[in-house]
Protein chains: 2
Amino acid sequence: MPDTSSVDHLVRLLRLFTMETERYISAFGTDNEMHRTDLNALGAIMEAGQSGDAMTPGRLSRRLQLSAPATSALLDRLESAGHVRRVRSTVDRRRVDLELTDTALDVGRALFAPLAKHLRPAIERYPAEQRALVAEFLTEVAAATRAAADGSTDATATKPRK
Amino acid sequence: MPDTSSVDHLVRLLRLFTMETERYISAFGTDNEMHRTDLNALGAIMEAGQSGDAMTPGRLSRRLQLSAPATSALLDRLESAGHVRRVRSTVDRRRVDLELTDTALDVGRALFAPLAKHLRPAIERYPAEQRALVAEFLTEVAAATRAAADGSTDATATKPRK
DNA sequence: CCTAGTCTTTCCACCGTGGAATCATTCCAG
DNA sequence: CTGGAATGATTCCACGGTGGAAAGACTAGG
């Protein structure tokens, strides 16, 4: 590895990291009867809950790039496992609002606990200033990836549009 | 977002990035008749080729956390699609060495081209010194994730052991 | 009403797993 | 050197899980 600051090297590292993450998910997912998509769904619902607006099956379908039927089946799985509730919206009764249960949070914690255990010491070695820089970098790279997936040409967009 | 240097925030960003990447892969995969595992396999074979040692079905099976039959089926798909060749090893004729064809490299390029188009301008905004810092950070985080997936307790291991 | 939007159901194809068996090759103990 | 493990790759089978396409049900709003 001659030049650790080259763009190609960074791209390769980003790819390597996602591969390792998929590996981790598949390894620990089978222990908890959860698969990749289910975890992504929980993450997306949680994320939406934190930012205020409610998550619906339609939004989730677009967020995860899943077809509508696959999303329904996904929600059936999560609901029968007790991780999510479907609540018909009172303002528009076509819509269904998704709510996470406490057991979902427990599963999330249980799944990420071993990963966090390894990640924390690696991250805490960096001072706050460098962590902020990495955070900024990751934010922009995630936005760029999202833009690429959406086929957009705006590589600097940070705001979700849907 | 109150504190962009907190560990939790960084972990969340890492997770967000992998979600966006999965999204991109699934969007691209459907266009090219390739699935996530197939692309990961190509990446793993390519990676092994760059680092010198040859990739074999057994190694690939462990790398991708796939069962032996699933790996054979995966290689059948890739071979019939013309992306990989199976060559019996000359040193140990039980083993099969995997070689990528030119069309696999084309697919790889086609896959990363739109992503790189968005990623490059975002990355190039950072000076070399900061990029090197991010590269170091990502290397350690990937190693930590790998260690977590392997169930190891050594969070700082950088060398693959298999 | 009638069109559009949201969610769901039904049916089907593909991917991955598990277990067990096959076959060739290599390693090793005696 | 030989006979018996061990290793690496592949195949077959039945099974479950995931995702897509088409079609239907329901509600909102002009």
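Each chain gets a letter, A, B and so on, in the order the sequences are listed, and its residues count up from 1.
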S.K.: Just to be sure I understand the rule, does A:Asp38 reach a base, reach only the sugar-phosphate, or reach nothing, if contact means heavy atoms closer than 4.0 Å?
M.R.: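 Result for A:Asp38 = sugar-phosphate.
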S.K.: Using the rule that two of Ile, Leu, Val, Met, Phe, Trp, Tyr join whenever any of their side-chain heavy atoms come within less than 4.5 Å, decide whether A:Leu105 and B:Val11 are in one cluster.
M.R.: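 Yes, it is one cluster - the side chains of A:Leu105 and B:Val11 are joined through contacts under 4.5 Å.
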S.K.: How would you list, by chain and number, every residue that makes a side-chain hydrogen bond (donor to acceptor under 3.5 Å, both in side chains) with A:Asn32, sequence neighbours excluded?
M.R.: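 Testing A:Asn32 for side-chain hydrogen bond (donor to acceptor under 3.5 Å, both in side chains), a comparison that skips the adjacent residues, returns none.
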S.K.: Using every non-hydrogen atom in the two residues, find where A:Ala148 and B:Pro114 come nearest and quote the distance to one decimal.
M.R.: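 Result for this residue pair: CB-O, 4.1 Å.
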S.K.: Testing the basics here: between A:Tyr126 and A:Arg131, what is the closest heavy-atom pair and its distance to 0.1 Å?
M.R.: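 Nearest pair, atom of A:Tyr126 first, then A:Arg131: O-NH1, 3.2 Å.
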S.K.: Show me, range against range, the stems involving DNA chain D, built from at least 3 consecutive Watson-Crick or G-U pairs below 3.5 Å.
M.R.: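 C:1-30 with D:1-30 - these are the stems of 3 or more pairs that involve DNA chain D.
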S.K.: Checking A:Arg36 now: which residues fulfil side-chain hydrogen bond (donor to acceptor under 3.5 Å, both in side chains) with it, not counting sequence neighbours?
M.R.: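 Partners of A:Arg36 under the side-chain hydrogen bond (donor to acceptor under 3.5 Å, both in side chains) test: B:Glu22.
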S.K.: Categorize B:Thr30 for me: base, sugar-phosphate, or nothing, with a 4.0 angstrom heavy-atom threshold over every strand shown.
M.R.: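 B:Thr30: no heavy atom of the nucleic acid under 4.0 Å.
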S.K.: If only side-chain N and O atoms count, and only distance matters, is there a donor-acceptor pair under 3.5 Å linking A:Thr145 with B:His118?
M.R.: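 B:His118 vs A:Thr145: no donor-acceptor pair found between side chains.
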S.K.: Tell me the interatomic distance from A:Leu74, atom CG, to D:dG20, atom P, rounded to whole angstroms.
M.R.: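 Going from CG in A:Leu74 over to P in D:dG20 covers 11 Å.
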S.K.: Which atoms of nucleotides 22-29 of chain D (N or O only) lie under 3.5 Å from a protein N or O atom, and what are those distances?
M.R.:
| residue | atom | partner | partner atom | Å |
| --- | --- | --- | --- | --- |
| D:dA28 | OP1 | A:Arg93 | N | 3.3 |

S.K.: Which of these, A:Asp76, A:Leu100, A:Asp38, A:Leu74, sits in a side chain to side chain contact (heavy atoms under 4.5 Å, CB included) with A:Val84?
M.R.: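 When side chain to side chain contact (heavy atoms under 4.5 Å, CB included) is applied between A:Val84 and each of A:Asp76, A:Leu100, A:Asp38, A:Leu74, only A:Leu100 qualifies.
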S.K.: Mind jotting down which residue pairs meet the salt bridge (Lys or Arg N to Asp or Glu O under 4.0 Å) criterion with at least one end in residues 4-15 of chain A? Sequence neighbours excluded, please.
M.R.: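 Non-adjacent pairs meeting salt bridge (Lys or Arg N to Asp or Glu O under 4.0 Å): A:Asp8-B:Arg120.
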S.K.: Within the structure, does a side-chain N or O atom of A:Arg77 lie under 4.0 Å from either OP1 or OP2 of D:dG19?
M.R.: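 Answer is yes, contact under 4.0 Å.
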S.K.: Describe the nucleic acid contact of B:Thr56 in one word from base, sugar-phosphate, nothing, applying a heavy-atom distance below 4.0 Å.
M.R.: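 Sugar-phosphate contact only.
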S.K.: Identify the 5'-most and 3'-most nucleotides of DNA chain C with at least one atom closer than 4.0 Å to a non-hydrogen atom of chain B.
M.R.: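 So the outermost contacting nucleotides come out as C:dC15 to C:dT26.
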